[in-house]
> 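Quick one: this structure, given as structure tokens, is what I'll be asking you about.
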Amino acid sequence: MDILELRKQPHLSVSSINSYIDCSLMYKFSRIDNLKPDFVSDNLIFGSCIHRILAEFNQEKMMGNILSSDEIENMFKTDWEKSAKDNPDIQYSKGNTYRTLLNQGVKMLHEFMKRVPENDATIVAIEEPFVMNIEGLDIPLIGIMDLVEEDEDGTLTITDYKTSKRAMAISEVDSNFQLTVYYTAAKANGYADRDINLKFDCLIKTQKPKFEQIYTERSSTHSAKAIKKIKLVWDGIQKGVFIPNDTSWRCHGCSYKSYCDEWFQN
Ligand code: SF4
């Protein structure tokens with residue numbers, strides 16, 4: 001199953017649902033009107049780059065080859081240069097430049113490498129696309145799980161990688177919608193009888209980068225709440241309910257601000 005093919009069909013995803021909830025007008029600009037954003041954020045490009053390197057690390061690990069820190073560093077440098085060097089679409093956040101993020105990425109990946117190779121769980125899937133069909137909904141929810149591992153007892157651990165400016169609070173992880181969807185999708189797609197652990201592997205962009213693994217759990221109650229929310233979002237989209245959330249923290253740095261200003265004037 002190819003995620004690019006899946007994305008060509010009408011679908012919902014965790015990011016589209018979060019986008020609709022954060023600001024449904026921004027959702028409309030981006031996903032209904034398909035407007036070109038004013039810019040691409042440095043965090044988006046940087047995060048994608050780190051994800052690709054971690055996926056490559058896991059691919060090699062699955063084949064029994066643990067890449068060295070130097071190899072990971074060189075892969076990141078090449079990928080970052082290709083993605084970001086002389087890219088006029090990127091808007092850097094305050095204090096960030098091509099070079100500061102290059103250095104930061106290298107340090108973050110070295111921090112990651114100090115701990116993760118010791119993990120000896122069996123890798124089941126890397127960057128695994130999934131489709132979740134929801135009863136009563138005429139559109140599927142699709143996504144990609146960064147990493148799925150299995151221990152000796154058959155317990156699955158689903159990992160999502162995060163690059164963030166600060167450490168995540170446990171309460172944030174415990175209520176995170178994305179992990180609830182992953183749990184629900186895994187249960188619906190052949191793993192109903194398995195115990196499932198969920199975790200964020202966080203690479204934190206502090207001055208001295210940190211790597212934290214935060215575990216959490218979900219139950220059928222969490223799934224039921226998430227499904228209700230997904231259905232309500234889809235109902236709002238179908239009915240054309242698109243409301244600007246113009247007091248949101250997202251407005252500062254919104255890549256659809258120029259369209260939003262124009263929308264308000266009209
Ligand atoms: S500027 Fe604010 S209100 Fe306007 S689209 Fe962006 S997030 Fe929504």
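Every heavy atom of this structure was used, including side-chain atoms; hydrogens, water molecules and symmetry mates were not.
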> Could you report the tightest heavy-atom contact between T163 and G47, atom names first, then the distance?
OG1-CA, 3.7 Å

> Taking N18's backbone N and O only, do any of them form a donor-acceptor pair with Y27's side chain (distance below 3.5 Å, no angle check)?
no

> Does some side-chain heavy atom of L109 sit less than 4.5 Å from a side-chain heavy atom of L54?
yes

> Would you say that D201 contacts D160 through its side chain, given a criterion of any heavy-atom pair below 4.5 Å between the two side chains?
no

> Is it the case that D38 and S255 place a side-chain donor and acceptor less than 3.5 Å from each other?
no

> So, S16 side chain and L12 main chain: donor-acceptor pair closer than 3.5 Å or not?
no

> How many angstroms lie between SG in C202 and CD in Q213, if you round to the nearest 0.5 Å?
9.0 Å

> Could you go through residues 220-230 and list every donor-acceptor pair under 3.5 Å that involves a side-chain atom there, pairing it with any protein atom two or more places apart or in another chain?
residue: H222; atom: ND1; partner: S219; partner atom: N; Å: 3.0
residue: H222; atom: ND1; partner: S219; partner atom: OG; Å: 3.1
residue: S223; atom: OG; partner: T184; partner atom: OG1; Å: 2.8

> Could you list all the salt bridge (charged side-chain N to carboxylate O under 4.0 Å, His left out) pairs where at least one residue sits in residues 64-74, not counting sequence neighbours?
E73-K77

> May I ask you to decide if the ring planes of F76 and W80 are parallel, tilted or perpendicular, using 30° and 60° as cut-offs?
parallel

> For the side chain of W263 and the backbone of S258, is there at least one donor-acceptor N/O pair under 3.5 Å apart?
no

> Hey, could you give me the CZ/CG distance between F46 and D79, rounded to the nearest 0.5 Å?
11.0 Å

> So, taking the atom named OH in Y92 and the one named OG in S41, what distance separates them when rounded to the nearest 0.5 Å?
10.5 Å

> I'd like to know if the side chain of S69 reaches the main chain of H110, judged simply by a donor and an acceptor atom lying under 3.5 Å from each other, with no hydrogens or angles considered.
no

> Per the salt bridge (charged side-chain N to carboxylate O under 4.0 Å, His left out) rule, what does the pair list look like for residues 202-224, sequence neighbours excluded?
none

> May I ask whether I66 and L147 are part of the same hydrophobic cluster, defined by side-chain heavy atoms of I, L, V, M, F, W, Y residues being less than 4.5 angstrom apart, directly or through others?
yes

> Between P10 and P140, which heavy-atom pair has the shortest distance, and what is it?
O-CD, 3.6 Å

> Could you give me the CA-CA distance, side-chain angles and deciding distance for C49 and M75, then say whether side-chain contact (heavy atoms from CB on, under 4.5 Å) is met?
CA-CA 10 Å; C49 187; M75 283 161 54; over 6 Å; no

> Are the side chains of D33 and F29 in contact, using a 4.5 Å heavy-atom criterion?
yes

> Check for me, please, whether L35 and F39 land in the same ILVMFWY cluster - side-chain distances under 4.5 Å, paths through other members count.
no

> Assess the residue pair F211 and M108 against the criterion (side-chain contact (heavy atoms from CB on, under 4.5 Å)); give the C-alpha distance rounded to whole Å, side-chain angles, the decisive distance to 0.1 Å, and a yes or no.
CA-CA 7 Å; F211 174 67; M108 285 162 78; over 6 Å; no

> Heavy-atom distance under 4.5 Å between the side chains of L156 and D195, does that happen here?
no

> Determine, using the 4.5 Å side-chain heavy-atom cutoff (strictly less than), whether V241 and I17 are members of one ILVMFWY cluster.
yes

> Does Y259 reach the main-chain N or O of K36 with its side chain, forming a donor-acceptor pair under 3.5 Å?
yes

> Considering the options I142, L4, I3, which one meets the side chain to side chain contact (heavy atoms under 4.5 Å, CB included) requirement together with P129?
I3

> Begin with the C-alpha distance, continue with both residues' side-chain angles, and end with the deciding distance and a verdict on ring pair (Phe, Tyr, Trp, His ring centres under 6.0 Å) for Y182 and F130.
CA-CA 9 Å; Y182 288 0; F130 67 85; 5.7 Å; yes

> Give, for atom CG of N245 and atom SG of C260, the distance between the pair rounded to the nearest 0.5 Å.
10.0 Å

> Quick check: does any side chain N or O of E172 sit under 3.5 Å from a backbone N or O of A169, one acting as donor and the other as acceptor?
yes

> Donor-acceptor pair, distance only, cut-off 3.5 Å: does the side chain of N189 make one with the backbone of V131?
yes

> Tell me whether the count of non-hydrogen atoms from other residues, nucleotides or ligands lying under 6.0 Å of CD in E135 goes above 12.
no

> Measure across S13 and L141 and return the closest heavy-atom pair with its distance rounded to 0.1 Å.
CA-CG, 4.2 Å

> Check the pair F177, V181 against side-chain contact (heavy atoms from CB on, under 4.5 Å), reporting the backbone distance first and the verdict last.
CA-CA 6 Å; F177 176 66; V181 168; 3.6 Å; yes

> Can a side-chain donor-acceptor contact be found between T159 and D146 if the only test is distance below 3.5 angstrom?
no

> If you look only at pairs with a residue in residues 235-264, which of them pass as a salt bridge (charged side-chain N to carboxylate O under 4.0 Å, His left out), with sequence neighbours excluded?
D22-R250, D235-K239, K257-D261

> Apply side-chain contact (heavy atoms from CB on, under 4.5 Å) to I123 and N58, showing your working.
CA-CA 8 Å; I123 294 177; N58 286 322; 4.2 Å; yes

> Restricting to non-hydrogen atoms, name the atom on K165 and the atom on T206 that form the minimum distance, rounded to 0.1 Å.
O-CG2, 4.1 Å

> Quick one: which residue pairs count as a ring-ring contact (aromatic ring centres under 6.0 Å, His included) with a foot in residues 133-172, not counting sequence neighbours?
none

> Is there a side-chain hydrogen bond (donor to acceptor under 3.5 Å, both in side chains) between N87 and S83 once you walk through the steps?
CA-CA 7 Å; N87 183 340; S83 312; over 6 Å; no

> Is there a side-chain contact between T216 and I214, using heavy atoms and a 4.5 Å cut-off?
no

> How about F57 and F112: are their ring centroids closer than 6.0 Å?
yes

> Can any side-chain N or O of D151 pair as donor or acceptor with the backbone N or O of A121 at less than 3.5 Å?
no

> Which heavy atom of M145 sits nearest to which heavy atom of A186, and what is that distance?
CE-N, 4.3 Å

> If you look at every heavy atom in Q59 and I126, which pair is closest and at what distance?
N-CD1, 3.4 Å

> If a pair satisfies salt bridge (charged side-chain N to carboxylate O under 4.0 Å, His left out) and one of its residues is in residues 90-113, list it, with sequence neighbours excluded.
E111-K114

> For the atom pair CG (N197) and CD1 (I158), what is the distance rounded to the nearest 0.5 Å?
9.0 Å

> Regarding N74 and T78, do their side chains bring together a donor and an acceptor under 3.5 Å, going by distance alone?
no

> Once you round to the nearest 0.5 Å, how far does OG1 of T122 lie from NZ of K61?
9.0 Å

> Sub-3.5 Å donor-acceptor pair from the side chain of N176 to the main-chain atoms of Q178, do we have one?
yes

> Check the hydrophobic clustering (I, L, V, M, F, W, Y; side-chain heavy atoms under 4.5 Å; chains of links allowed) and say if V233 and I139 are grouped together.
yes

> May I ask you to test the Y215-L198 pair for a side-chain heavy-atom distance under 4.5 Å?
no

> Should I45 and V40 count as side-chain neighbours, where that means a heavy-atom distance under 4.5 Å?
yes

> Indicate yes or no for a side-chain donor-acceptor contact from K187 to the backbone of R194 under 3.5 Å, with no hydrogens or angles considered.
yes

> Could you tell me whether the side chain of L203 reaches within less than 4.5 Å of the side chain of P209, counting heavy atoms only?
no

> Let me check something: do V106 and I204 share a hydrophobic cluster, defined by ILVMFWY side-chain heavy atoms less than 4.5 Å apart, either directly or through other members?
no

